[in-house]
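Comments concern the structure below.
None of the values given here were measured: they were computed from a predicted structure.
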Amino acid sequence: MTMSESVARISVLIRSIARPTLARALLSVYAQDLPVRIAVVRADMSDDESLPSPPAGMTLEVSIPDHPLTRSAAANHLLDRAETELALFLDDDDELLPGHLRRLVQALDEHPQAAAAFAGVKCVSGAADAPVTVHVYDDEVRLVDQQLQNRLPIHAV
């Protein structure tokens with residue numbers, strides 16, 4: 001089944017405050033191998049950047065509120081617009097690794113009783129053309145570890 005032959009099961013919800021990294025975040029979503037519905041809220045009410053167009057099989061909706069939104073209000077704004085079975089938050093300064101969404105969807109398909117799934121996240125630093133891996137979150141999450149440090153970055157779940 002190709003992307004153009006199927007309907008999006010997952011929404012990627014992006015809170016944006018006009019950081020220059022938004023285009024890269026979107027391109028990382030466009031590189032996924034599943035159809036995706038993308039919703040962006042311009043939480044700071046900005047409308048000053050042209051965004052890359054989504055490929056076939058993906059849709060992009062950008063909303064600009066009538067007043068600035070806090071992080072939690074922006075998240076709720078996006079959740080109200082999530083029209084798919086599954087949803088994932090992505091901050092405008094983060095990127096998805098290739099196959100990230102497929103990994104999450106497959107985990108949920110294999111465990112239909114699960115309320116959520118998580119897949120690895122790689123934290124990098126440095127220049128875009130020479131990133132340095134700082135930490136990788138891709139191991140089993142134990143409750144005790146989660147109490148001491150967030151082991152589930154927002155775009156991992």
Side-chain angles (χ1 to χ4, degrees), residues 3 7-47 49 51-55 57-112 114-125 128 131 133-141 143 145-147 149-157:
M3 280 201 307
V7 176
R9 286 180 63 195
I10 188 166
S11 292
V12 174
L13 310 173
I14 304 175
R15 300 174 294 196
S16 179
I17 54 171
R19 287 189 267 213
T21 52
L22 175 58
R24 285 185 49 173
L26 284 169
L27 291 173
S28 79
V29 177
Y30 297 168
Q32 299 300 303
D33 58 351
L34 294 173
V36 178
R37 183 180 178 280
I38 305 147
V40 174
V41 62
R42 298 287 198 152
D44 63 350
M45 302 172 44
S46 66
D47 187 22
E49 181 181 359
L51 300 175
S53 298
M58 295 190 185
T59 59
L60 172 64
E61 171 194 320
V62 178
S63 59
I64 302 171
D66 57 4
H67 61 279
L69 300 176
T70 62
R71 280 180 58 87
S72 58
N76 288 332
H77 176 91
L78 289 165
L79 284 173
D80 288 342
R81 284 154 181 76
E83 299 173 355
T84 55
E85 172 190 4
L86 306 169
L88 173 132
F89 281 105
L90 179 67
D91 287 335
D92 64 358
D93 64 340
D94 292 328
E95 298 173 36
L96 299 179
L97 294 171
H100 185 75
L101 296 180
R102 180 164 300 281
R103 246 180 110 184
L104 292 169
V105 171
Q106 285 176 337
L108 290 169
D109 287 346
E110 291 170 8
H111 303 280
F118 73 96
V121 171
K122 178 171 58 172
C123 300
V124 297
S125 179
T133 299
V134 176
H135 191 79
V136 176
Y137 296 96
D138 199 21
D139 51 359
E140 183 178 337
V141 177
L143 181 57
D145 295 335
Q146 186 66 16
Q147 291 173 345
Q149 176 188 26
N150 179 15
R151 304 287 302 158
L152 300 172
I154 192 169
H155 53 289
V157 182

Query raised in the report: What pairs with Asp109 under salt bridge (Lys or Arg N to Asp or Glu O under 4.0 Å), at least two apart in sequence or on another chain?
Result: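 Arg9.
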Report task. Output all residues satisfying salt bridge (Lys or Arg N to Asp or Glu O under 4.0 Å) with Asp80, sequence neighbours left out; order by chain, then residue number. Result -> none
Requested in this report: With sequence neighbours excluded, tell me which residues meet side-chain contact (heavy atoms from CB on, under 4.5 Å) with Ala114.
Outcome: Leu108, His111
Query raised in the report: With Ala73, which residues qualify under side-chain contact (heavy atoms from CB on, under 4.5 Å), at least two apart?
Result: Leu69, Thr70
Atom [atom1] in [X], atom [atom2] in [Y]: separation rounded to 0.5 Å?
{"X": "Thr59", "Y": "Glu83", "atom1": "OG1", "atom2": "CD", "answer": "8.5 Å"}
{"X": "Ile38", "Y": "Glu61", "atom1": "CD1", "atom2": "CD", "answer": "11.0 Å"}
{"X": "Leu90", "Y": "Leu78", "atom1": "CG", "atom2": "CG", "answer": "11.0 Å"}
{"X": "Arg19", "Y": "Asp91", "atom1": "CZ", "atom2": "CG", "answer": "6.5 Å"}

Query raised in the report: Does a salt bridge link Asp92 with Arg15, judged by any charged N lying under 4.0 Å from a carboxylate O?
Result: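 Arg15 and Asp92: not salt-bridged.
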Report task. Might you point out which heavy atoms bring Leu104 and Ala117 nearest each other, and give the distance in Å? Result ->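 Smallest heavy-atom distance, with atoms named: CD2-O, 3.5 Å.
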Query - Heavy-atom check, side chain of Phe89 versus side chain of Leu79, under 4.5 Å - result: yes
Query raised in the report: Does the side chain of Leu88 come within less than 4.5 Å of Leu96's, by heavy atoms?
Result: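 Result yes, sub-4.5 Å side-chain heavy-atom pair found.
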Query raised in the report: Picking from Ile17, Val62, Ile14, what satisfies side-chain contact (heavy atoms from CB on, under 4.5 Å) with Arg42?
Result: Val62
Closer than 3.5 angstrom, by distance alone: can the side chain of [X] be matched with the main-chain N or O of [Y] as a donor-acceptor pair?
{"X": "Ser11", "Y": "Leu13", "result": "no"}
{"X": "Tyr30", "Y": "Pro52", "result": "yes"}
{"X": "Ser28", "Y": "Glu95", "result": "no"}
{"X": "Gln32", "Y": "His100", "result": "yes"}

**Report entry** With sequence neighbours excluded, residues passing side-chain hydrogen bond (donor to acceptor under 3.5 Å, both in side chains) with Asp44
**Finding:**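 Once residues adjacent in sequence are excluded, the partners of Asp44 under the side-chain hydrogen bond (donor to acceptor under 3.5 Å, both in side chains) criterion are Ser46.
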Report task. Identify, with sequence neighbours excluded, every residue that meets side-chain hydrogen bond (donor to acceptor under 3.5 Å, both in side chains) alongside Ser63. Result -> His77
